[in-house]
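First comes the structure, then the notes that go with it.
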Amino acid sequence: AVNKPIVISTWDSGMAVNAAAWKILGTGGKSVDAVEAGAISIENEINCCVGLGGYPDRDGIVTLDACIMDEHANCGAVAGLEQIKHPISVARKVMELTPHVLLVGNGAQQFALENGFTKEPAVLSKEATDAYNNWLKEGKYKPVINIENQPKKTFGGPFAPTFFNDGTPNHDTMGLVAMDATGNLSGAVTTSGMAFKIHGRVGDSPVIGAGLFVDNEVGAATSSGTGEEVIRICGTHLVVEFMRQGYSPEMACKKAVERIVNRDKAKAKTLQVGFLAMNKKGEHGAYAIQKGFVYSIKTNTENRIIAAKHLI
Ligand code: SD4
């Protein structure tokens with residue numbers, strides 16, 4: 001039997017996101033509404049890596065990336081969006097109201113304002129401000145692309161939130177995919193992107209086929225980690241294509257991770273990328289370059305965090 005409805009999302013912060021998505025999935029709602037609701041719920045919180053409370057870029061500006069894709073391959077995305085609280089909902093409007101897929105920067109903000117969103121300042125939390133000031137000392141205003149992949153300390157067991165070495169909590173990018181009771185798949189991603197990135201840098205998260213891909217015939221996948229590496233291999237599209245070839249979600253994620261690692265093993269050791277996937281049977285799996293990637297799952301019978309296997 002097909003395991004549905006079901007929602008899976010990146011990281012342990014996915015537990016709360018799944019709960020928000022489940023309010024829709026559990027009452028017969030559509031997967032596209034569920035993934036948007038899940039993304040909204042974490043955009044409402046202040047954490048290092050999603051929403052207006054996220055870490056800024058190297059100029060101290062918080063810029064947000066998000067995308068959404070539904071069972072008809074409709075998709076919408078925003079990148080480099082400033083001062084808008086719910087980039088995922090702007091992405092959905094791009095999907096529903098425009099002939100385009102991706103709006104960026106000022107244009108994305110203008111579109112949001114035209115469609116009823118209001119401008120509000122980013123919330124540079126004390127943690128974010130301290131981390132930024134700290135980074136400015138060392139970073140010397142140069143991009144440090146692996147900043148989110150610094151060794152992290154874990155406190156309180158394998159599923160407790162991880163922390164950067166300076167003690168700031170690490171919730172990371174939120175990517176989620178869901179299958180509703182009718183068997184339709186959708187996915188969403190929302191993030192403030194890599195901390196201290198060059199202003200204007202866009203990661204994998206809002207790029208369809210990189211940070212998110214949904215094929216309602218086959219399955220769906222999302223990613224977290226160093227976006228440049230995911231873009232380079234069209235990561236989530238690759239994962240879905242591996243599932244099309246018959247690989248399980250976990251094996252499909254593993255083969256995509258191998259694609260990154262085999263290209264440059266030495267470099268891969270300094271990076272983290274994790275993929276998370278679901279197929280049309282509601283089977284799910286994940287794989288990462290390094291230890292530490294976890295995902296959250298919610299179904300009628302399950303509500304838990306699962307550790308991804310890792311290659312290195
Ligand atoms: C990016 N993939 O902007 C995102 C960052 C991320 O956990 O996933 N952080 O490249």
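Indexing begins at 1, ligand by ligand and atom by atom, following the structure's order.
Considering backbone and side-chain atoms alike, Ser224 places an N or O below 3.5 Å from some N or O of ligand 1. Considering backbone and side-chain N/O of Ser223, none are found under 3.5 Å from N/O of ligand 1. Taking distance alone, with nitrogen or oxygen atoms compared against 3.5 Å, Trp11 stays at or beyond that limit from ligand 1.
Within the 4.0 Å heavy-atom criterion, the part of Arg201 lying near ligand 1 is the side chain and not the backbone.
How far OG1 of Thr270 is from CD of Gln290: 8.0 Å, rounded to the nearest 0.5 Å.
For the pair Arg58/His199, no side-chain contact is recorded, criterion being any heavy-atom separation below 4.5 Å from C-beta on. Using a 4.5 Å heavy-atom cutoff, the side chains of Arg244 and Asp215 are in contact.
For Arg232, the salt bridge (Lys or Arg N to Asp or Glu O under 4.0 Å) partners are Glu229, not counting sequence neighbours.
Ligand 1 does not have Glu228 within reach: every non-hydrogen atom of the residue lies 4.0 Å or more from it.
Atoms of ligand 1 found under 4.0 Å from any heavy atom of Ser205, numbered from 1 in the order shown, are 2 (N), 4 (C). Within ligand 1, counting atoms from 1 as listed, the ones closer than 4.0 Å to a heavy atom of Asp204 are 1 (C), 2 (N), 4 (C), 10 (O). If you number the atoms of ligand 1 from 1 as listed, the ones under 4.0 Å from a heavy atom of Asp172 come out as 7 (O), 9 (N). Near Gly193, meaning under 4.0 Å from one of its heavy atoms, ligand 1 places the atoms 3 (O).
Salt bridge annotation for Glu250-Lys309: present, with a cationic side-chain nitrogen under 4.0 angstrom from a carboxylate oxygen.
With a 6.0 Å cutoff to the six-membered ring centre and a 45° limit on the axis angle, Lys255 counts as a cation-pi contact of Phe242.
Note: Tyr55 and Tyr132 fail the aromatic proximity criterion, with ring centroids not under 6.0 Å apart.
Nearest-residue assignment for atom 4 (C) of ligand 1 (options Gly203, Gly227, Gly235, Gly225; heavy-atom criterion): Gly225.
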